[in-house]
Amino acid sequence: MSGYEIERKFLVHKDKDFKSRAFASSRIQQGYIAAKGATVRVRVRGDVGYLTIKGPSVDGGLKRYEFEKEITLDEARHLLALCEPGLIDKTRYLVRSGDHVVEVDEFYGDNEGLVMAEIELRSEDDTCELPDFIGMEVTGDGRFYNKQLRRNPFALWRATLPEEYR
């Protein structure tokens, strides 16, 4: 798959249930390979591997070019060994909201306590119904990019957020 990824990111309220509304979930481990001007991600999701290359964000973090290719699990595991230190470990829950799917990520390790939701849009002016567990929008806030969470984990700055998101 290649093309533009258009998505909004949100924090999830700690006191709101999203797991019981999920129609699917999977464990994800991902790492990053050093690249200038792009993000190169290696991901293992369940028993499938992926190689993803993302360009720089535009439109305040709403949109960026994305190329993604499925690779074998063996290839993904070998590439993860080449990644920079600090793998991201999370469970992704898929929740329907109107005609969109909300991807809710619950993080582990040094990012334990962070729960974020992403909604992919069809265009920059696409609208979507936001479920009640959706909180503060963080689209374009670099702290919440997975690549940044690897280098500057949530454990180091969680106290800067309102209590309902810690």
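Here the structure is a predicted model, which means the values were calculated and not measured.
Note on residues 77-93: pairs passing salt bridge (Lys or Arg N to Asp or Glu O under 4.0 Å), not counting sequence neighbours, are R27-D89, E84-R150, K90-D105, R92-E103, R92-D105. Applying the side-chain hydrogen bond (donor to acceptor under 3.5 Å, both in side chains) rule to pairs touching residues 126-140 yields R8-E137, R21-D132, H100-D126, E137-T139, sequence neighbours excluded.
Scored by the side chain to side chain donor-acceptor pair (under 3.5 Å) test, D125 finds S123 as partners (sequence neighbours excluded). Legend: residues meeting salt bridge (charged side-chain N to carboxylate O under 4.0 Å, His left out) with E5, ordered by chain and number and at least two apart, are K54, R64. Applying the side chain to side chain donor-acceptor pair (under 3.5 Å) rule to R45 yields the partners S26; only residues at least two apart in sequence or on another chain are considered.
Closest approach of A22 to V95, counting heavy atoms only: CA-CG2, 3.9 Å. Closest of all the heavy-atom pairs between A35 and V40 is CB-CG2, 3.6 Å.
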W157 vs F144, test: ring-ring contact (aromatic ring centres under 6.0 Å, His included). Steps then yes/no. CA-CA 11 Å; W157 52 271; F144 297 98; 5.2 Å; yes
Evaluate side-chain contact (heavy atoms from CB on, under 4.5 Å) for Y108 paired with T91, printing each intermediate quantity in order. CA-CA 8 Å; Y108 306 112; T91 296; 2.6 Å; yes
Given ring-ring contact (aromatic ring centres under 6.0 Å, His included), test Y93 with F18 step by step and report yes or no. CA-CA 8 Å; Y93 300 87; F18 63 88; 5.3 Å; yes
Can I119 and S97 be said to form a side-chain contact (heavy atoms from CB on, under 4.5 Å), step by step? CA-CA 9 Å; I119 302 172; S97 182; over 6 Å; no
One pair to check against side-chain contact (heavy atoms from CB on, under 4.5 Å): I88 and L149. What are the steps and the verdict? CA-CA 8 Å; I88 296 293; L149 289 169; 3.9 Å; yes
Evaluation steps, side-chain contact (heavy atoms from CB on, under 4.5 Å), between F10 and V102: CA-CA 10 Å; F10 301 88; V102 180; over 6 Å; no
Salt bridge (charged side-chain N to carboxylate O under 4.0 Å, His left out), that's the test. Do K9 and E118 meet it? Break it down for me. CA-CA 5 Å; K9 291 183 178 221; E118 298 177 353; 3.2 Å; yes
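Under a hydrophobic clustering in which Ile, Leu, Val, Met, Phe, Trp and Tyr are joined whenever their side-chain heavy atoms come within less than 4.5 Å, directly or via other members, I28 and V115 fall into different clusters.
Taking Ile, Leu, Val, Met, Phe, Trp and Tyr as hydrophobic and joining them when side-chain heavy atoms fall under 4.5 Å apart, one finds Y50 in a cluster with V48.
The shortest side-chain heavy-atom distance between K63 and E124 falls under the 4.5 Å cut-off. At least one side-chain heavy atom of D74 sits under 4.5 Å from a side-chain heavy atom of H78. When side chains are defined from C-beta on, L114 counts as touching L11, because their heavy atoms get closer than 4.5 Å. Between T52 and E66 there is a side-chain heavy-atom pair separated by less than 4.5 Å. Here the side chains of R143 and T160 are in contact, with some heavy-atom distance below 4.5 Å.
Not a single donor-acceptor pair under 3.5 Å links the side chain of Q148 to the backbone N or O of Y145. A donor-acceptor pair under 3.5 Å is formed between the side chain of R166 and the backbone N or O of L161. The backbone N or O of R158 sits nowhere less than 3.5 Å from a side-chain atom of Y165 that would complete a donor-acceptor pair.
Atom-to-atom distance recorded for E7:CD and C128:SG is 11.5 Å, nearest 0.5 angstrom. Here the straight-line distance linking atom CD1 of I134 with atom CE of M136 works out to 12.5 Å at 0.5 Å rounding. Remark: L80 CG to Q29 CD distance equals 7.5 Å, nearest 0.5 Å.
In this pair, Y65 and Y4 present their aromatic rings perpendicular. The plane angle is above 60°, beyond the 30 to 60° band.
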